[in-house]
Number of protein chains: 2
Amino acid sequence: MQSPVALDAVALDAVALDAVGEPNRRLILELLHRHHESTVTELVDASGLRQPQVSKHLKVLSAASLVSVRADGRHRHYRLEARGLQAAHDWFASFEDVWQARFDALDALVAVDSPPSTNPEPDNNPQESHQ
Amino acid sequence: MQSPVALDAVALDAVALDAVGEPNRRLILELLHRHHESTVTELVDASGLRQPQVSKHLKVLSAASLVSVRADGRHRHYRLEARGLQAAHDWFASFEDVWQARFDALDALVAVDSPPSTNPEPDNNPQESHQ
DNA sequence: AGATTGTATTCCTTGGGGAGAATATGTAGG
DNA sequence: CCTACATATTCTCCCCAAGGAATACAATCT
């Protein structure tokens with residue numbers, strides 16, 4: 001038996017992105033982000049979904065390492081799990097050069113089209129400037 | 001009355017995340033990332049998908065502002081589009097505090113428990129959900 | 001013990017969307 | 001013009017997955 005760990009690691013972002021490609025699961029993730037931890041009934045209450053659907057979505061999210069569980073009596077406290085979130089985020093981050101190239105082009109255009117005015121920061125951080 | 005522009009902006013990341021939640025569309029995005037631009041037939045050739053599927057996936061990606069088109073004779077050159085990619089990336093970036101908190105905890109743990117033994121995963125998942 | 005609450009699971013139905021084949025549209029070239 | 005090529009669209013089929021209802025399982029309380 002060869003190590004399945006590497007395969008799992010490679011597939012992790014794929015599983016995570018598949019899981020996030022569903023509006024109600026994104027809703028659950030956003031709800032979990034607001035409160036530090038939530039039980040299933042709290043998520044049912046906050047989402048408007050029915051309990052079985054919430055449990056099923058949580059199962060998918062758990063398989064994608066997007067949430068983790070802590071058992072406490074008959075309650076189960078779910079929280080966000082870093083591994084899956086980071087894997088999905090990293091997948092998108094690999095495309096950062098695309099919008100950085102766009103900002104570079106914008107900078108060049110501004111530099112050509114405007115007189116040499118006082119430009120305080122010619123090398124700004126493009127990934128945090130939106131809107 | 002609220003501005004409909006804001007609603008469009010809000011929906012953009014949702015549309016983008018929905019679109020990316022499909023393996024073959026992610027494949028197309030990755031192929032487009034390698035080459036600066038690609039025609040449909042190039043994508044058909046590189047992906048192994050058939051031409052109608054590629055065109056249909058490109059249509060979805062285009063609606064999500066993940067790709068853009070440049071017409072050139074009877075060819076259509078597709079390239080990555082920053083808006084959708086960045087919107088989806090930003091959605092995940094809003095969860096950054098989750099894994100940064102984990103790194104902080106890891107730092108604290110290393111600082112206290114300083115022996116340099118290789119500790120593979122201090123973050124274990126106690127539940128067993130497999131099929 | 002039974003009752004009650006919290007959660008997971010099973011079964012069933014249904015709808016959406018992805019794949020395939022055929023066709024339409026559009027464009028260059030002889 | 002007619003043909004060949006590049007791409008888009010339509011139609012159909014089918015699978016999978018989300019939703020609903022009922023039930024099973026687990027744990028606390030009296």
Side-chain angles (χ1 to χ4, degrees), chain A residues 11 14-32 35 37-81 84, chain B residues 11 14-32 35 37-64 66-81 84 125-131:
Chain A
V15 178
L17 289 169
D18 280 346
V20 173
E22 213 282 326
N24 285 328
R25 282 197 284 266
R26 287 198 296 274
L27 173 60
I28 290 177
L29 291 177
E30 286 168 349
L31 292 173
L32 283 174
H35 314 82
E37 278 187 338
S38 299
T39 67
V40 176
T41 21
E42 284 171 347
L43 290 172
V44 169
D45 212 31
S47 67
L49 301 173
R50 313 214 170 182
Q51 183 265 319
Q53 314 309 325
V54 172
S55 282
K56 282 188 255 187
H57 282 315
L58 285 171
K59 189 177 183 179
V60 175
L61 293 172
S62 182
S65 298
L66 288 162
V67 302
S68 60
V69 204
R70 174 175 68 87
D72 169 43
R74 52 185 166 182
H75 299 112
R76 312 205 65 181
H77 298 266
Y78 283 87
R79 66 166 64 186
L80 294 180
E81 163 78 26
Chain B
V15 177
L17 290 169
D18 279 345
V20 173
E22 214 283 325
N24 285 328
R25 282 198 284 266
R26 288 198 296 274
L27 172 61
I28 289 177
L29 291 177
E30 286 166 349
L31 292 173
L32 283 174
H35 314 82
E37 278 186 338
S38 299
T39 67
V40 175
T41 23
E42 285 171 349
L43 290 172
V44 168
D45 211 31
S47 68
L49 301 172
R50 313 214 169 181
Q51 182 264 318
Q53 315 308 326
V54 172
S55 281
K56 282 187 260 186
H57 283 314
L58 285 172
K59 189 177 183 179
V60 175
L61 293 172
S62 182
L66 289 162
V67 302
S68 59
V69 205
R70 175 175 68 86
D72 169 43
R74 50 183 167 181
H75 300 112
R76 311 203 65 179
H77 298 266
Y78 283 86
R79 65 168 63 186
L80 293 180
E81 164 79 27
N125 198 345
Q127 69 159 349
E128 293 269 336
S129 65
H130 186 77
Q131 191 67 4

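Predicted model, so just to flag it, every value in this text is computed and none were measured. Naming convention: chains lettered A, B, ... in sequence-line order (proteins, then strands); numbering from 1 in each chain.
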Tell me: CD of B:Gln53 to C1' of D:dT10, nearest whole Å?
12 Å
In this structure, how many angstroms lie between the P atom of D:dT9 and the NZ atom of B:Lys56, rounded?
11 Å
So which atom in A:Leu32 and which in A:Tyr78 form the shortest heavy-atom distance, rounded to 0.1 Å?
CD2-O, 3.4 Å
With a cut-off of 3.5 Å and sequence neighbours excluded, list every side-chain donor-acceptor pair involving residues 43-57 of chain B.
| residue | atom | partner | partner atom | Å |
| --- | --- | --- | --- | --- |
| B:Ser47 | OG | B:Leu43 | O | 2.7 |
| B:Ser47 | OG | B:Leu49 | N | 3.1 |
| B:Gln51 | NE2 | B:Ser55 | OG | 3.2 |
| B:His57 | ND1 | B:Arg25 | NH1 | 3.2 |

If the sugar-phosphate is the primed atoms plus P, OP1 and OP2 and the base is the rest, what is the B/S/- string for nucleotides 1-8 of chain D, using protein heavy atoms under 4.0 Å?
---BBSBB
Here the distance between atom P of D:dG19 and atom CG of A:Leu27, to the nearest Å, is 11 Å
Between B:Arg50 and C:dG18, is there a side-chain N or O to OP1/OP2 distance below 4.0 Å?
no
Looking at CG of A:Leu80 and CD1 of A:Ile28, how far apart are the two atoms once the value is rounded to the nearest 0.5 Å?
11.0 Å
Distance, rounded to the nearest Å, where A:Asp18 contributes CG and D:dA17 contributes C1'
12 Å
Between C:dT5 atom P and A:Asp45 atom CG, what is the distance in whole Å?
15 Å
Does the B:Glu22 side chain pair with the main chain of B:Ala19, one donor and one acceptor, at a distance under 3.5 Å?
no
Separation of atom CD in A:Glu22 from atom P in C:dG17, rounded to whole Å:
11 Å
Between A:Asp72 and A:Leu49, which is nearer to the 5' end of DNA chain D once each is assigned its nearest nucleotide?
A:Leu49
What's the CZ-P distance between A:Arg70 and C:dG6, to the nearest Å?
16 Å
In chain order, what residues pass the salt bridge (Lys or Arg N to Asp or Glu O under 4.0 Å) check against B:Arg76, with sequence neighbours excluded?
none
Would you compute the distance between atom CG of B:Leu61 and atom OG of B:Ser68 and round it to the nearest 0.5 angstrom?
11.5 Å
